[in-house]
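So the structure is just underneath, and the comments pick up after that.
As the structure lists them, so they are numbered: ligands from 1, and atoms in each ligand from 1.
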Amino acid sequence: MTLSTVILAAGQGKRMHSKTPKVLHHLAGKALLEHVITTAYALNNNTPPTIIYGHEGELVKRTLAHLHATWIAQTEQLGTGHALLQALPTIPDTHRVLVLYGDVPLTSIDTLKKLLATTPTDAIGIITAVLPNPTGLGRIMRDTHNRITRIIEEKDADATQRAIQEINSGICLVPAALLKRWLPNLKNHNQQKEYYLTDIIADAVRENIAIHSMQPQAFEEVLGINDRVQLAHLERYYQRHLAEKLMRQGITIVDPTRFDVRGDVIIGGDTTIDINVIFEGRVTIGKDCTIGPNTILRNVLIADRVEIKANSMIDGAEIADDCVIGPFARLRPGTVLSPHSHVGNFVEIKNSDIGAGSKINHLSYIGDSDIGKKVNVGAGTITCNYDGVNKHRTVIGDNAFIGSNTSLVAPVTIGDNATIGAGSAISRDAPAEQLTICRAQQRSIENWQRPEKKET
Ligand code: UD1
Ligand code: CA
């Protein structure tokens, strides 16, 4: 039976106390709603889900415009039943409808697949969970045969009903034809004067429609986010879960409570990740690497046996086997390091190719450069790549030795095996094999008197 997925996301999220709509707050570097859209899209064989949006909806829609989805507005937030009703005109009667929530970000595809597989096509399927503290959520009422009879909202429940610990996740699977019959007839005769989607359970019971229920592996999969405390809790759950998965694959994570992935990572075996490393975007790391503490890696490709020392910031770089980087290195987009190259402390590199075995170990800026093999770039060397209008390239041949505190005024080429004397300002090409030096002659002045303080 064909599936339509609908994500309810029109609620305001007052308890976030935020200018930003709740579903745009980030978990693991992605908007809450983006997690749900991505899951729904993958689950349903790349069929875009329908999103019911409302509060600050235009901003939500604009922010997530890059994702495949159909957007339908719910202009007044009259309850979950009313929200789902807005999607029905676009859904064929023969479909099943899976309802997801924009503020429940971590439901796994496996759990949803299980719901689809275990719910008979003419039945209703719901995901429930038993929570130590069910406060605020709808409770699942069952009869003596353990059949679900009703879902009661906390605000409408009496003390006995509130003592029930099994809650409604809100995630449900319902034949579209039944929704089309039931939803237009919902009443809002309850404490919140809302049209409750959950009231369809009573309809199903009356019409003898089977209600199937299942529970996720971890209850965090169905937790919704209402405030920033819950957001932080689920963030930690997500990171812990991912860290454990990686550790089981053979990666050492020195402290899984100080591990933050805000994107997608692939990490090879026997690599060690020290504390407070932040991964952003797409990060791929090979085998036997060590990533030092307080390092930020954004959209980086790192090969095998690479050592990144503490406090380095690496963005948009490609790093080959056996490189050593940091501490306090900054690699910016377009940096490509060949095998066995070394980048030391307080070195900034952008848009440059560094050849195999080359060393830039101290206090340098290398921009828009092509550096050959086995080059030694002395401390404090700077490429002057910008003339105030245009950027120019610096080319350094294999085996060149650049003395400390050299300024290379681009465009400029340094030949193979060239030596540049320390302190030079090089603004013309320097030939291969020779020593080029460009600095004032040293003089000494005999009998020079230091000035003395005048008596007043
Ligand atoms: C709902 C369920 C409750 C369940 C809980 C799980 C109902 C009546 N109750 O509670 O049983 O335990 O979810 O989190 O369904 N939304 C809209 N439009 C609206 C109202 C809500 O799009 O008019 C969206 C919200 O953005 C949110 C979701 O629906 O993503 C749930 O709304 P929320 O108010 O958080 O949940 P409750 O209605 O309190
Ligand atoms: Ca509500």
Side-chain angles (χ1 to χ4, degrees), residues 5-16 21-25 31-37 39-40 49-57 60-61 71-88 97-107 124 126-131 133-141 148 150-157 161-162 164-172 174 179 182-183 186-203 211 213 215-216 219-227 230-231 234:
T5 52
V6 179
I7 302 171
L8 305 186
Q12 184 175 358
K14 281 196 197 109
R15 281 170 282 171
M16 295 301 279
K22 174 164 77 176
V23 293
L24 290 185
H25 279 258
L32 298 178
L33 182 54
E34 182 167 354
H35 284 272
V36 189
I37 294 175
T39 301
T50 297
I51 299 159
I52 305 299
Y53 72 99
H55 188 79
E56 304 273 1
V60 176
K61 212 171 131 176
W71 297 80
I72 294 180
Q74 181 196 24
T75 43
E76 270 183 298
Q77 278 73 67
L78 301 180
T80 48
H82 178 261
L84 185 56
L85 183 63
Q86 312 307 307
L88 291 190
V97 179
L98 175 68
V99 182
L100 301 171
Y101 289 58
D103 55 3
V104 179
L106 296 185
T107 320
I124 292 179
I126 65 176
I127 299 182
T128 73
V130 175
L131 297 189
N133 177 11
T135 308
L137 295 162
R139 307 297 206 284
I140 304 290
M141 295 175 61
I148 296 177
R150 193 181 162 190
I151 296 174
I152 180 121
E153 292 306 300
E154 160 119 349
K155 290 203 174 93
D156 303 304
Q161 292 161 336
R162 281 182 197 202
I164 299 172
Q165 283 182 308
E166 188 183 11
I167 60 92
N168 171 32
S169 72
I171 297 171
C172 58
V174 191
L179 290 174
W182 294 334
L183 291 187
L186 289 178
K187 301 280 181 295
N188 64 351
H189 302 157
N190 51 57
Q191 279 297 323
Q192 304 186 79
K193 303 271 175 291
E194 282 183 12
Y195 297 94
Y196 288 169
L197 174 57
T198 43
D199 283 351
I200 66 169
I201 296 299
D203 291 314
I211 302 164
S213 70
Q215 303 203 341
F219 68 80
E220 283 87 352
E221 284 193 38
V222 298
L223 287 186
I225 289 169
N226 293 307
D227 61 29
Q230 292 168 335
L231 178 61
L234 273 199

Numbering as shown, the atoms of ligand 1 that approach [X] to under 4.0 Å (heavy-atom distance):
X: Gln77; answer: 23 (O)
X: Ala83; answer: 17 (C), 18 (N), 22 (O)
X: Gly102; answer: 30 (O)
X: Leu78; answer: 23 (O)

I want to know if ligand 1 touches [X] in the polar sense, i.e. an N/O pair below 3.5 angstrom.
X: Glu153; value: yes
X: Glu194; value: no
X: Leu8; value: yes
X: Leu137; value: no
X: Thr198; value: no
X: Gly138; value: yes
X: Ile52; value: no

So, do [X] and [Y] sit near enough that their side-chain heavy atoms are less than 4.5 Å apart?
X: Val60; Y: Ile51; answer: no
X: Ile127; Y: Pro216; answer: yes
X: Tyr196; Y: Ile151; answer: no
X: Ser213; Y: Ile140; answer: no

Worksheet item: If you draw a 6.0 Å radius around CZ in Arg15, do more than 12 non-hydrogen atoms from other residues or ligands fall strictly inside?
Response: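 Result for CZ/Arg15: open.
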
Practice prompt. Consider ligand 1: state whether an atom of it lies below 4.0 angstrom from any non-hydrogen atom of His82.
Written response: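 Heavy atoms of His82 never come under 4.0 Å of ligand 1.
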
Practice prompt. Say whether Asp103 and ligand 1 are in contact under the criterion: heavy-atom distance to a ligand atom below 4.0 Å.
Written response: yes

Worksheet, complete the sentence: Contacts of Gln215 meeting side-chain hydrogen bond (donor to acceptor under 3.5 Å, both in side chains) (sequence neighbours excluded), chain-then-number -> Thr128

Item to complete: List for me each residue that meets side-chain hydrogen bond (donor to acceptor under 3.5 Å, both in side chains) alongside Asp103, sequence neighbours excluded, and say none if there are none.
Response: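 Counting only residues at least two positions away or on another chain, Asp103 forms a side-chain hydrogen bond (donor to acceptor under 3.5 Å, both in side chains) with Lys22.
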
Discussion item. Using 30° and 60° as the class boundaries, would you call the ring planes of His82 and Tyr195 parallel, tilted or perpendicular?
Written reply: tilted

Fill in: CA sep, side-chain torsions, deciding dist, call: Asn190, Lys155, side chain to side chain contact (heavy atoms under 4.5 Å, CB included)
CA-CA 9 Å; Asn190 51 57; Lys155 290 203 174 93; over 6 Å; no

Worksheet item: Out of Gly224, Ser169, Gly79, Gly11, whose heavy atom sits nearest atom 6 (C) of ligand 1?
Response: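 Residue with the shortest heavy-atom distance to the ligand atom: Ser169.
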
Worksheet item: Considering Val36, Val104, Thr80, which one's heavy-atom position lies nearest to atom 38 (O) of ligand 1?
Response: Thr80

Worksheet entry | Mode of Gln74 contact toward ligand 1 - side chain, backbone, both, neither (heavy atoms, under 4.0 Å) |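 Gln74 to ligand 1: side-chain contact only, backbone stays beyond 4.0 Å.
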
Worksheet item: Ignoring hydrogens and geometry, is there a side-chain-to-backbone donor-acceptor pair from Arg162 to Glu154 under 3.5 Å?
Response: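 Yes, Arg162 side chain to Glu154 backbone: donor-acceptor pair under 3.5 Å.
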
